[in-house]
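A quick write-up on the structure given underneath.
Chain A is the first sequence line, chain B the second, and so forth, proteins listed ahead of strands; every chain is numbered from 1.
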Amino acid sequence: MAKRPYAAVSVRDRLAIEHAWDLAPEKARALQSCLAQRVICADPIGPVEHIAGVDIGFEAGGDITRAAVVVLKWSPEGPPFQVVEQVVHREPTRMAYVPGLLSFREVPAALGAFAKLQTPPQLVMVDGQGIAHPRRLGVASHLGLWLDLPTIGVAKSRLCGTHGNVGEQRGDWTPLEHQGERIGAVLRSRVNVKPIYISPGHRLSFETALDWVMRCLHRTKLPEPTRLADRLASRRGPIV
DNA sequence: GCGACAG
DNA sequence: ATCTTGTCGC
């Protein structure tokens, strides 16, 4: 049988999906609740050879959405990792930012970038929340569902939920909860720096999500995958 | 009704 | 997210 080029979502699925992007806020929220039921928050995730980092930036005063994906080769020795591929995909911005509906603004462009990727990753880290979302469908979860890959949400600030104080040592963390449910962890990724919010996006557990983020931490606040994707999305690097 | 609110 | 200069620190 013919080998399908690497594109996590088939063309036909893309069409069906794209129809579901431009929705009125109420419809979008209803769809999130529906999709959240399909999110799997458990292991195993299988052997990891390549890890992708995803982030979105904007150009032309916000009219153009710029999706960046960086693929790193995982090494047991830890970071810094080798960059094996980087892709940037641009397309017209779909809609304005609405708290809680970020995925409808960013996932379409992210899928466009993944469609151009040659190296299939086994794990994806996304800049934003996973299930640490009012309806349990942050951008990392939404993207994970369509890519059908394990994803982790790595956010720089809180969207919802409450938590106690986080220890001061690198690696200290405390649970993030919302409406009586555990939705993620608040992690001190670096001393003297605001903690980051980690949550499973899809197809892995809380523990595994936290493990991989800690394994990818180098000397900065953000784990390597999202740190590099961040730079690429705002065109400050890698590109070399 | 009054805040809070990923990127 | 983006618009923006210098500045404090490793």
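Of all the residues in residues 155-169 of chain A, A:Ala155, A:Lys156, A:Ser157, A:Arg158, A:Leu159 reach under 4.0 Å from DNA chain B with at least one non-hydrogen atom. The stretch residues 128-138 of chain A touches DNA chain B through A:Gln129, A:His133, A:Gly138, each having a heavy atom under 4.0 angstrom from the strand. Contacts between residues 24-43 of chain A and DNA chain B, defined by a heavy-atom separation below 4.0 Å, involve no residue at all.
Atom C1' of nucleotide B:dA6 and atom CG of A:Leu101 are separated by 11 Å, given to the nearest angstrom. Rounded to an integer number of Å, the gap from A:Phe104 CZ to B:dC5 P is 22 Å. Residue A:Ile64 contributes atom CD1, which lies 15 Å from atom C1' of C:dT2 at whole-angstrom precision. The interatomic distance linking A:Leu232 (CG) with C:dA1 (C1') rounds to 16 Å, in whole Å. Atom CD1 in A:Ile196 sits roughly 11 Å away from atom P in B:dG7 (whole-Å rounding). For A:Asp127 and B:dA6, the CG to P distance is 12 Å, given to the nearest whole Å. The interatomic distance linking A:Leu222 (CG) with B:dA6 (P) rounds to 16 Å, in whole Å. One can place CZ of A:Arg235 at 12 Å from C1' of C:dC3, the figure rounded to the nearest angstrom.
Side chain to side chain, A:Glu85 and A:Thr119 meet the donor-acceptor criterion of an N or O pair below 3.5 Å.
A heavy-atom distance below 4.5 Å is found between the side chains of A:Ile131 and A:Phe206. Inter-residue side-chain proximity for A:Cys160 and A:Ile183 is flagged as met; some heavy-atom pair is nearer than 4.5 Å. A 4.5 Å side-chain heavy-atom check between A:Glu59 and A:Arg235 finds at least one atom pair inside the cut-off. The closest side-chain heavy-atom distance from A:Leu187 to A:Val166 is not below 4.5 Å. At least one side-chain heavy atom of A:Arg170 sits less than 4.5 Å from a side-chain heavy atom of A:Leu217. Under the 4.5 Å side-chain criterion, counting only non-hydrogen atoms from C-beta, A:Val39 is in contact with A:Leu137.
Note that SG of A:Cys41 is 13.0 Å distant from CZ of A:Arg203, once rounded to the nearest 0.5 Å. The CG atom of A:Leu31 lies 8.0 Å from the CH2 atom of A:Trp21; values are rounded to the nearest 0.5 Å. A:Asp230 CG to A:Leu228 CG: the interatomic distance, rounded to the nearest 0.5 Å, is 9.0 Å. Taken to the nearest 0.5 Å, the CG atom of A:Leu123 stands 7.0 Å off from the SG atom of A:Cys216. Rounding to the nearest 0.5 Å gives a distance of 15.0 Å between CZ of A:Arg136 and CG of A:Leu35.
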Checklist entry - Based on Watson-Crick and G-U pairs with both distances under 3.5 Å, what dot-bracket line describes DNA chain B 5' to 3', crossing pairs as [ ] and inter-strand pairs as |? => result .......
Checklist outcome for this item: Secondary structure of DNA chain C per the Watson-Crick/G-U criterion (both distances under 3.5 Å; [ ] crossing, | other strand, . unpaired) is ..........
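Residues that satisfy the salt bridge (Lys or Arg N to Asp or Glu O under 4.0 Å) test with A:Lys221, not counting sequence neighbours, are absent from this structure. With sequence neighbours left out, A:Arg29 forms a salt bridge (Lys or Arg N to Asp or Glu O under 4.0 Å) with A:Glu26. The salt bridge (Lys or Arg N to Asp or Glu O under 4.0 Å) search around A:Glu207 returns A:Arg182, not counting sequence neighbours.
Using a 4.0 Å heavy-atom distance criterion, A:Tyr97 is classed as a base contact. A:Gly153 comes within contact range of no nucleotide atom at all, as no heavy-atom separation falls under 4.0 Å. Among the heavy atoms of the strands, none lies under 4.0 Å from A:Val98.
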Residues 103-115 of chain A, side-chain donor-acceptor partners within the protein, below 3.5 Å, at least two apart:
{"residue": "A:Ser103", "atom": "OG", "partner": "A:His142", "partner atom": "ND1", "Å": "2.6"}
{"residue": "A:Arg105", "atom": "NH1", "partner": "A:Met95", "partner atom": "O", "Å": "2.6"}

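Using a 4.5 Å cut-off between side-chain heavy atoms of Ile, Leu, Val, Met, Phe, Trp and Tyr, with links allowed through other members, A:Ile64 and A:Ile56 fall into different hydrophobic clusters.
Evaluation of the ring-ring contact (aromatic ring centres under 6.0 Å, His included) test over residues 178-200 of chain A, restricted to residues two or more places apart or in two chains, returns A:His163-A:Tyr197. Note on residues 39-57 of chain A: pairs passing salt bridge (Lys or Arg N to Asp or Glu O under 4.0 Å), not counting sequence neighbours, are A:Glu49-A:Lys73.
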Checklist entry - What does nucleotides 4-10 of chain C look like as a protein-contact string, B for base, S for sugar-phosphate only, - for none, at under 4.0 angstrom between heavy atoms? => result -------
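Listed pair A:Tyr197 / B:dA6 fails the phosphate criterion, with no side-chain N or O lying under 4.0 Å from OP1 or OP2.
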